[in-house]
Amino acid sequence: MGHEDRHPLSPRLDHCPEGLPRAAYLDQAWYDREMATIFARQWVMVGRADGFEAGKMRRVTVGAAPVIVVRDAEGRLAAWHNSCPHRGAELCRAEEEAVGKLIRCPYHAFAFAAADGHLVSTAHAIPTDDFDRSAHGLRPVSLRVWNGFLFLNLSADPGEIWSDVGLHTLDNWPMDNLIPGHRWETEIACNWKAFWENYSECLHCPGVHPELCDLVPIYAKGIMGPTEALGWTPESAPPASSLRDGAMTWTMDGKPCGPVFAGLTPQELAVGFGFATLWPSAYVVAHLDYVRAVRIVPVAPERTRLVAEWYFTAETLAQPGFDAAHVASFAKMVIEQDGAASEGNQRGMRSPAFKAARLMPEEYEIYRFQHWVRTEMEALP
Ligand code: FES
Ligand SMILES: [Fe+2]
């Protein structure tokens, strides 16, 4: 088959474009620019909203920015830059601290209202009349809860949380009633985009994920879905299921770990899973029996932290002998395989012989991602 067998509605590219330059994966200046543009203006997932306890403040990072998330005794959430308006000291020094009505800076004891951030006290300092208290409250960070996940946005004028595909993927899943049953964190030696790019194609699947290819047969062909196959037309019959016969979910034996979620459509049940891709910070995979989310947290140009969580209903968790770590082990293995592949990608890109990737037609999602990265980085002067 030649490239002329590509249907115009197929996502396959009709050419082989050049990828981002080597500097995009190695240079501190490029990385800093991404933090100042992409991560400073997009909604960034920082965890489950329920994970932030009442009466506590917790440190998180949004791109390069240290932030505190506060949940007051009444359960209201707020987020502030973790930097005192006086001389910039860190307000929350521990990972998590108890907090009452006031947030008190540990340096000179200025106090701010936890609820609205206004400056309540300058402690021993006695400002002169030119000091406008109202202009020196805590610096706010916007927040939004989406499907039970907390997102922060550093922009003074944040846009809507998403306008992209994936926004409604989880609509039929009981997202607000899910409970984290397992969490796994790791740090990998690659640029954050290298991991995203790995997520965005399946050409690596046959070589990197033998177990996954056994579970999801189409991945063994190096594609993510039937529309990518050469010769595909809209009239082609959709497959009954993406999973191999007898398998229903991503577990070691393909068996569901608890009751299948009520409320899924026949189409969702047939496909077997849904992905919500939330650039730049996370993706969520909704299976028929559990949901998992992976956060992609840039640490440095060549360091990325991955935070994976697995969510279940209370009913599933309450089953006698239920072992969430065992359920999680399949996807954890796949993420480790992807992490190792991304690290190998990163090491190779350090070679002076590497100038830029040449993308294949199947790498249309990488092309879209890189276009988005470039557009976001250029949007600010
Ligand atoms: S830096 Fe916070 S009170 Fe001085
Ligand atoms: Fe992969």
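Just so you know, ligand 1 is whichever comes first in the structure, and atom 1 is the first atom listed for that ligand.
The C84 neighbourhood of ligand 1 comprises atoms 1 (S), 2 (Fe), 3 (S), with distances under 4.0 Å to a heavy atom of that residue. Residue A89 approaches ligand 1 through these ligand atoms, each under 4.0 Å from one of its heavy atoms: 1 (S).
The Fe ion (ligand 2) lies at 2.8 Å or more from every N, O or S atom belonging to C202. Residue C205 does not count as close to the Fe ion (ligand 2), with no N, O or S atom under 2.8 Å.
Among heteroatoms of the N, O or S kind in H204, NE2 lies nearest the Fe ion (ligand 2). Within H209, the N, O or S atom lying nearest to the Fe ion (ligand 2) carries the name NE2. For D338, the N, O or S atom closest to the Fe ion (ligand 2) goes by the atom name OD1.
Under the 30°/60° scheme for interplanar angles, the aromatic rings of F273 and H287 are found to stand perpendicular.
For Y25 and E197, the side-chain atoms include at least one donor-acceptor pair closer than 3.5 Å. A side-chain donor-acceptor contact under 3.5 Å links H108 and H86. Side-chain atoms of D130 and T128 include a donor-acceptor pair closer than 3.5 Å. Between the side chains of H209 and D338, at least one donor N or O lies within less than 3.5 Å of an accepting N or O. Y219 and S242 are not linked by any side-chain donor-acceptor pair at a separation below 3.5 angstrom, with hydrogens and angles left out of the test.
With atom 4 (Fe) of ligand 1 as the vertex, ND1 of H86 and ND1 of H108 span 90° to the nearest 10°.
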Evaluate the criterion salt bridge (charged side-chain N to carboxylate O under 4.0 Å, His left out) for residue pair E95 and R59; output intermediate values, then yes/no. CA-CA 5 Å; E95 274 310 294; R59 292 199 306 206; 3.0 Å; yes
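Both the backbone and the side chain of F110 come within 4.0 Å of ligand 1, judged by heavy-atom distances. When heavy-atom distances to ligand 1 are checked against a 4.0 Å cut-off, C105 comes that close only through its side chain, counted from C-beta outward.
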